[in-house]
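These notes are about the structure you will find just below.
Reminder, nothing fancy here: chain letters follow the sequence lines and each chain counts from 1.
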2 protein chains.
Amino acid sequence: MARTSSGLHERLLASALRLFVARGFRGTSLADIAADVGCSKASLLYHFSNKEAILTELLMPVGNEVFALDERLSELDGEEASLTAVHSFVGITLRFRREIKLLFDNLADVSCLPDLGVETIDGIRERLVDAVAGRSADPRDRIAALMALGGIFATGAADLPYDDLTLREALLTGALRTLNLAPGDPAPGDLGPGRTARDAEPGKN
Amino acid sequence: MARTSSGLHERLLASALRLFVARGFRGTSLADIAADVGCSKASLLYHFSNKEAILTELLMPVGNEVFALDERLSELDGEEASLTAVHSFVGITLRFRREIKLLFDNLADVSCLPDLGVETIDGIRERLVDAVAGRSADPRDRIAALMALGGIFATGAADLPYDDLTLREALLTGALRTLNLAPGDPAPGDLGPGRTARDAEPGKN
DNA sequence: ACGGTAACTGTCCGAACGGTCAGCTCTGAC
DNA sequence: GTCAGAGCTGACCGTTCGGACAGTTACCGT
């Protein structure tokens, strides 16, 4: 019985993620999660101070990566900012598919979170758009940037039956086209399977 | 006092839309809506059989347009299907910005609706993607299609400070680029302010 | 042997909320 | 005048759910 303790927290997180994705945050009660892992609701609340804390802990990993990206982007501009942002965002999206779906499907609830609140999300989004737009103030560039990010986001949230490689390539191609940064429209074989070397993103990312 | 009756229903709808968009569907109680228009909760439930009915009625107009589009698309294919789908979808998105935001932010809740349920939404989405992809089965085309739609959707949901014309042009340009259907990359002035004539969509749309 | 503490649970509670119902009021038809 | 019915409301109800709390058990250091 020595091992029962250390595992519960993670098992609770796993169950919560599964259920939140399937039924939505509000659509899942604490009792549901507890029942799913086979422990008491009180036990669940021993591990997490409240329901929101579960959601926060689930989304923290993604949040941190996005925060880090945001910081890294602050010292870039122009096409470099744009490309870095797109590549990294695609990477994050693919690495956290289920969390992205959770976020996508429950935007209204996540917005009310104390740690990942509206102002935080909106701020980050704004700066991401700014980077992807290559710091351009032209509405058309900013809209295109938002479309690219939205497209990646929405596509990442839809659990498609494609493998990560296909998805990564298609997402990159699509986003760059959206931004009219298609990497040599004539040379479509270049960014194929091999990833463009910058895909091993600069930082820890 | 003769006029109080006929207006309430619409005023309730307006308040509900406002509050749902601001605080989310679940985050808005029937009492909130009633208080906002200054009538009783019972009165609210006299006009709508239940809370879901409000959301349904709010989203019905968009739903109907999308259904109609879906039907119209069924007899098209190739680039024609793709272009029609994109143009119409952009039009619908712009015409129902607030409803789109409502939908975007509350996907989990909308999915549980009896009339606009998961299978309906997923089915429509699937067929829309199919059309936008020009009936291609190539994963890359389908992903690009999903990205284009997702980009339009997400961008429409973000209430941007741009006028409809700018938005329409940028959305179309972005989506067509995403799909690699850029309308004569050399001739960017063509689909500018004038709308491409097909924008006055065939049907009642 | 024993005190402390981490892990876990059964039970209870209060609040919020969706929804019901009996009834009130006003208006318009006959 | 009166009857019907539409519009509206206050009061009430049942349930659900998040959360609090007082334990209990098992382990561990001393």
Check against ring-ring contact (aromatic ring centres under 6.0 Å, His included), Phe104(B) and Phe104(A) | CA-CA 8 Å; Phe104(B) 188 75; Phe104(A) 188 76; 5.6 Å; yes

Atom-pair distance (CG on Leu44(A); C1' on dA7(C)), nearest Å = 14 Å

Between atom CD1 in Ile54(B) and atom C1' in dC17(C), what is the gap in whole Å?
-> 13 Å

May I ask you to verify if any side-chain N or O of His9(B) is less than 4.0 angstrom from the OP1 or OP2 atom of dG7(D)?
-> no

Is the cationic atom of Lys41(B) (NZ for Lys, CZ for Arg) positioned less than 6.0 Å from the six-membered ring centroid of Tyr46(B) and within 45 degrees of its normal?
-> no

Pairs under 3.5 angstrom only: tabulate donor-acceptor contacts from the side chains of residues 128-138 of chain A to other protein residues two or more places apart or in another chain.
residue   : atom : partner   : partner atom : Å
Asp130(A) : OD1  : Arg142(A) : NH1          : 3.1
Asp130(A) : OD2  : Arg135(A) : NH1          : 2.9
Arg135(A) : NE   : Leu76(A)  : O            : 3.1
Arg135(A) : NH2  : Leu73(A)  : O            : 2.7
Arg135(A) : NH2  : Leu76(A)  : O            : 2.8
Ser136(A) : OG   : Asp138(A) : N            : 3.0
Ser136(A) : OG   : Asp141(A) : OD2          : 2.6
Asp138(A) : OD1  : Arg140(A) : N            : 2.8
Asp138(A) : OD2  : Arg140(A) : NH2          : 3.4

Respond yes when some side-chain nitrogen or oxygen of His47(A) is under 4.0 Å from OP1 or OP2 of dA6(C), and no when none is.
-> no

Do any side-chain nitrogens or oxygens of Ser43(A) fall under 4.0 Å of OP1 or OP2 in dT9(C)?
-> yes

Below 4.0 angstrom, N of the basic side chain to O of the carboxylate: do Asp109(A) and Arg26(B) qualify?
-> no

Sequence neighbours excluded and cut-off under 3.5 Å, please list the side-chain donor-acceptor pairs for residues 144-151 of chain A, or say none.
none

Between Tyr46(B) and dG7(D), is there a side-chain N or O to OP1/OP2 distance below 4.0 Å?
-> yes

Look at Arg97(A) together with Asp159(A) and state whether they make a salt bridge at an N to O cut-off of under 4.0 Å.
-> no

What protein N or O atoms touch nucleotides 17-21 of chain D N or O atoms at under 3.5 angstrom, if any, and at what distances?
residue : atom : partner  : partner atom : Å
dG18(D) : OP1  : Lys51(A) : NZ           : 2.8
dG18(D) : OP2  : Leu30(A) : N            : 2.9
dG18(D) : N7   : Lys41(A) : NZ           : 3.0
dG19(D) : OP2  : Lys51(A) : N            : 2.8
dG19(D) : O6   : Lys41(A) : NZ           : 2.8

Taking CG from Leu12(B) and C1' from dG7(D), how many angstroms apart are they, rounded to a whole number?
-> 12 Å

